[in-house]
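Beneath this line is the structure, given in structure tokens, with notes to follow.
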Amino acid sequence: KGFVRLRMSRDPRRAELIKPYEPPVYSQDDLPPDYRALLSLLFGLCGLVMKYKIFSWLALFACVASLANIKRSEADFKQITCSVTFALMGLFMNYVRREPPVIA
């Protein structure tokens, strides 16, 4: 017990300097970028152009993750619409396409 009391009396931390955490406040123009939405657009574009299904699925997952973590004040309707459209159109074009006829 004596050691604990001695240790507590010699605490080097200064209680008057302890401040509670306050998250940074951003203005509407200085918001941090939403990387998941950007990845969704890039993967969706790659899925459409290169016809890789994995890129289309990654675009959909990045889009859903971006929508799940978006704040109402940061919501940009154009970006959300573009992300969802590229993701869904990539999947649609990859799975519902005509296969060229096989000439034997």
Side-chain angles (χ1 to χ4, degrees):
K1 277 189 164 180
F3 177 72
V4 173
R5 190 175 305 135
L6 178 66
R7 184 169 181 164
M8 288 177 64
S9 65
R10 292 186 183 178
D11 192 3
R13 296 175 290 184
R14 293 184 280 179
E16 68 273 4
L17 295 179
I18 296 175
K19 297 178 186 175
Y21 173 74
E22 295 177 8
V25 178
Y26 297 107
S27 70
Q28 191 66 21
D29 296 331
D30 297 334
L31 290 173
D34 185 11
Y35 292 112
R36 290 182 194 102
L38 179 65
L39 282 175
S40 174
L41 285 172
L42 292 176
F43 283 145
L45 190 61
C46 289
L48 276 171
V49 172
M50 294 191 285
K51 304 288 185 197
Y52 285 144
K53 293 177 185 176
I54 189 71
F55 284 138
S56 297
W57 281 110
L58 288 173
L60 184 67
F61 291 139
C63 181
V64 169
S66 174
L67 290 175
N69 290 320
I70 197 165
K71 295 179 183 171
R72 189 160 181 83
S73 63
E74 296 175 10
D76 182 17
F77 184 70
K78 286 187 220 174
Q79 185 178 14
I80 293 170
T81 306
C82 260
S83 296
V84 171
T85 303
F86 272 116
L88 293 179
M89 285 305 290
L91 284 171
F92 181 78
M93 297 301 271
N94 280 326
Y95 281 100
V96 187
R97 63 178 177 189
R98 288 167 103 191
E99 296 294 329
V102 178
I103 300 174

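All figures in this text were calculated on a predicted structure; none of them were measured in a lab. What's counted below: heavy atoms across the whole structure, side chains too, no hydrogens, waters or symmetry copies. Along the sequence shown, the residues carry numbers beginning at 1.
Side-chain atoms of T81 come within 3.5 Å of backbone atoms of F77 as a donor-acceptor pair (strictly under, hydrogens ignored). Within the 3.5 Å criterion, the main-chain N or O of A59 finds a donor-acceptor partner in the side chain of S40.
Both I54 and L39 are part of a single hydrophobic cluster, where members link through side-chain heavy atoms under 4.5 Å apart. Note: the hydrophobic cluster containing F61 also contains V84 (ILVMFWY, side chain heavy atoms under 4.5 Å, direct or indirect links). Linking ILVMFWY side-chain heavy atoms closer than 4.5 Å, directly or via other members, places L58 and Y52 in a single hydrophobic cluster. Criterion: ILVMFWY side-chain heavy atoms under 4.5 Å apart, direct or through other members. Under it, L41 and M93 are part of a common hydrophobic cluster. The hydrophobic clustering, which links ILVMFWY residues whose side-chain heavy atoms are closer than 4.5 Å, places L67 and L91 together.
Around atom CD of E16, more than 12 heavy atoms belonging to other residues, nucleotides or ligands sit under 6.0 Å away. Counting non-hydrogen atoms of other residues, nucleotides and ligands closer than 6.0 Å to CD1 of I103 gives a total of 12 or fewer.
For R36 against A62, the heavy-atom pair with the smallest separation is O-CB, 3.6 Å. Shown here for S83 and A37, the closest heavy-atom pair between the two residues is OG-O, 3.7 Å.
Classified by interplanar angle (parallel below 30°, tilted 30° to 60°, perpendicular above 60°), the ring pair F43/F55 is parallel.
Side chains of I70 and I80 form a contact here, defined as non-hydrogen atoms less than 4.5 Å apart.
Once rounded to the nearest 0.5 Å, the distance linking OG of S56 with CE of M89 reads 10.5 Å. Considering OG of S66 and CG of L38, their distance stands at 10.0 Å, rounded to 0.5 Å. Note that SG of C63 and CD of Q79 are 9.5 Å apart. Values are rounded to the nearest 0.5 Å. One finds the CG atom of N94 at 10.5 Å from the CE atom of M50 (value rounded to the nearest 0.5 Å).
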